[in-house]
Number of protein chains: 2
Amino acid sequence: MKDVAQLAGVSVKTVSRVVNGEPGASVEVRERVLQAADRLDYRHNLGASTLRRKDSRSGIVGALLQDVGNSFSAGLLRALEDSLRESGLSVLAASLDEEPERERGMVADLVARRADGLVLMPASHRHEYLISEQRAGLPLVFVDRRPHGVDCDSVTVDNRRGAAMAAAHLIAGGHRRVAMLSDLEEIETAQERTAGYRAALKEAGLEFDPALLVPSVRGEHEASTVVTDLLALPDPPTAFLTGRNILTVGAVRALRSAGLSHQVALVGFDDFPMADLVEPALTVIRQDVQRIGTEVGRLLLERLAGDKSAPKHLVLEPSLICRGSGEIARG
Amino acid sequence: MKDVAQLAGVSVKTVSRVVNGEPGASVEVRERVLQAADRLDYRHNLGASTLRRKDSRSGIVGALLQDVGNSFSAGLLRALEDSLRESGLSVLAASLDEEPERERGMVADLVARRADGLVLMPASHRHEYLISEQRAGLPLVFVDRRPHGVDCDSVTVDNRRGAAMAAAHLIAGGHRRVAMLSDLEEIETAQERTAGYRAALKEAGLEFDPALLVPSVRGEHEASTVVTDLLALPDPPTAFLTGRNILTVGAVRALRSAGLSHQVALVGFDDFPMADLVEPALTVIRQDVQRIGTEVGRLLLERLAGDKSAPKHLVLEPSLICRGSGEIARG
DNA sequence: TGTGCTTACGTCAACGTTGACGTATCGAGA
DNA sequence: TCTCGATACGTCAACGTTGACGTAAGCACA
């Protein structure tokens, strides 16, 4: 900037004015400065600018998600990006992979970067450590999972209700033995989903059979194995509810290799792009990812605009998409 | 920092030393400083630090992709993140949506942020504007598409060969009338894919029928319509090659509603998670997204480590994954 | 006892930018 | 002609941090 000023024959302050489009520079000077800047390949230093300015917005929002590679996190990221773009905010995204340490590390990094806000799909269970950041004015929005130990905005889906809807749907199809495969138990959404499953059983007056609820199923392959094992029971389930995307895939594979995909019902939690092309087409509980991301962005922008009201907790309703696999009746 | 220094009864420089883990601070002083920092909720300001330091690495890498919400960009982002993580680099991701203006804007933003490197899946066709940035020392890695007008590292897939493999595979199945649906013509990868398709036809001594090559198909729905229209021709194609993920989906739908999914062959470009669950299972050309992202990260890190050698152009080979839909013989 | 080295600090300026404020010039109006 | 206000600049310090360098104390060794 000093060089530009010298080449243009003005002071640095004038260069600053021109660069920021402030008034107080004649057309002639403006021209000279811009030419000089161009000649010298001058690039504005946003860091220095942010440092000096009063309000000092960095223009960065941190998005700490479970895994930016999976369709849920990715869709969310995309929707968030869109809703923040027009405010000139950029998104720094990271995958936490359910590792609390990484969460802490990334939060520390983003705080040091003076991020304007944080979107968190937390890997940790207690969030007291965020209190001081929030007190310092950092807008915080939790997504998919609720905050514990810090009172801030959140956007979640009613997982309990979603799972209950799914289970009830299966029960309505005449099924009496409905099995459920669930994600890692320490993940809150997984707990809520199993709770919904159990609630639906109770509601229907069915007895809960612990053998039919398999928690902490880790991946597609394990899901496959679990389903196969359950089918081998003396009194096997006639319907399955899978608590997560990849578990659904594993279940489909197992049912198919057992030749039972048209005999055994299946409802999966989370929709995915080709779900209707599978045979039979998959009935799922869908979360509106787009909507979730948009709401998160909206909350964040409101806070950035100065909204000091009490934390808001949006709970969106999931919906049941019937495509066939969930409508297979018993027997 | 000044406050921390005062509370701990030391100079700011000493606080700096403690914060950065530099030697030259006794255990006792270190303790006092850390306590003071804790009491005052002191947060290190990375921006100021970066500004002052000589090498001034911001620790940010920009990833300008087509759409962080689609599985290709998302997978790439994830792999990139992983390979950069251990070097302490964070990824600022943005979706360009094939809009050159957005590309320019984001590049300008990242340059102003003093990003340590840029990963670009460009929306624009000419990249001369990046020359000055590169000359200024900004490591640049293009991905999925080659640079034009600036000489920098790139990681691409041999799209031409991929499409040729697909077409040849169909031709080997006895097909004489193979149709292709392609993405927007101005996208380089789309051009390469159609070129591969034509090359394979020529190689096999088949005449090219312009009616069977439909370029600039925009989305799933349009793809569906196009396939339906092609099937209504007097001499319809017996096999289809779809140039992109969503076009494949559209084609599957059209074939299915025509009741021809087991009579007409189909090979899609790009694999996707449930491709083997579709009926018939989809034969695809797969790009190893993980590998691409990892290589991009590696190239970037090498440049950051000071590698000044000539730009490298990695061209990865796609692979043909046979699952059924592409092995349907003619007739 | 003097010299030199190490350790543990402190002082000062600078990184690139902008807010606050000062000044010179010019034209309008009394 | 003088004053006033607007316009177009310039000067200076400060944002939070760290590199360069200075210094005082302590210790080892000739």
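Here is how names work: the chains are called A, B, and so on, in the same order as the sequence lines, proteins then strands, and each is numbered from 1.
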Which residues pass the side-chain hydrogen bond (donor to acceptor under 3.5 Å, both in side chains) test with [X], not counting sequence neighbours?
X        : result
Arg17(A) : none
Arg52(A) : none
Ser83(A) : none

Sequence neighbours excluded, which residues qualify as salt bridge (Lys or Arg N to Asp or Glu O under 4.0 Å) partners of [X]?
X         : answer
Glu192(A) : none
Asp151(B) : none
Arg244(A) : Asp183(A)

Scan for side-chain hydrogen bond (donor to acceptor under 3.5 Å, both in side chains) pairs involving [range], sequence neighbours excluded, and state none if there are none.
range                       : answer
residues 117-128 of chain A : Glu103(A)-Ser124(A), Ser124(A)-His127(A), Arg126(A)-Glu128(A)
residues 291-305 of chain A : Asp153(A)-Arg303(A), Arg291(A)-Glu295(A), Glu295(A)-Arg298(A), Arg298(A)-Glu302(A), Glu302(A)-Lys312(A)
residues 26-39 of chain A   : none

### Task
Using chain A heavy atoms and a threshold of under 4.0 Å, write down where along DNA chain D the contacts begin and end, 5' to 3'.
dA8(D) to dG16(D)

Please classify the nucleic acid contact of [X] as base, sugar-phosphate, or nothing, using heavy-atom distances under 4.0 Å.
X         : value
Ser49(A)  : sugar-phosphate
Ser16(B)  : base
Arg114(A) : nothing

#### Entry: Residue met sooner reading DNA chain D from 5', once Arg17(A) and Leu46(B) are mapped to nucleotides
Arg17(A)

### Query
So what is the end-to-end bend of the helix from dT1(C)-dA30(D) to dA30(C)-dT1(D), with 5 pairs used at each end and the value given to 10 degrees?
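Terminal axis comparison yields 50°.
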
### Summary
Comparing Ser11(B) with Arg53(B), nearest DNA chain C nucleotide closer to 5' gives the residue Ser11(B)

### Nucleic acid contacts of residues 18-35 of chain A, taken as heavy-atom distances under 4.0 Å to DNA chain C
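Those residues whose heavy atoms fall under 4.0 Å from DNA chain C, taken from residues 18-35 of chain A in numerical order, are Asn20(A), Glu22(A).
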
### Message
Check this for me, if you would: do Arg104(A) and Asp109(A) make a salt bridge, where the nitrogen-to-carboxylate-oxygen distance has to be below 4.0 angstrom?
### Response
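Result for this pair is no, no salt bridge flagged.
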
### Message
Looking only at the side chains, is there a donor atom on one of Ser95(B) and Arg85(A) sitting less than 3.5 Å from an acceptor on the other?
### Response
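No, no side-chain donor-acceptor pair sits under 3.5 Å.
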
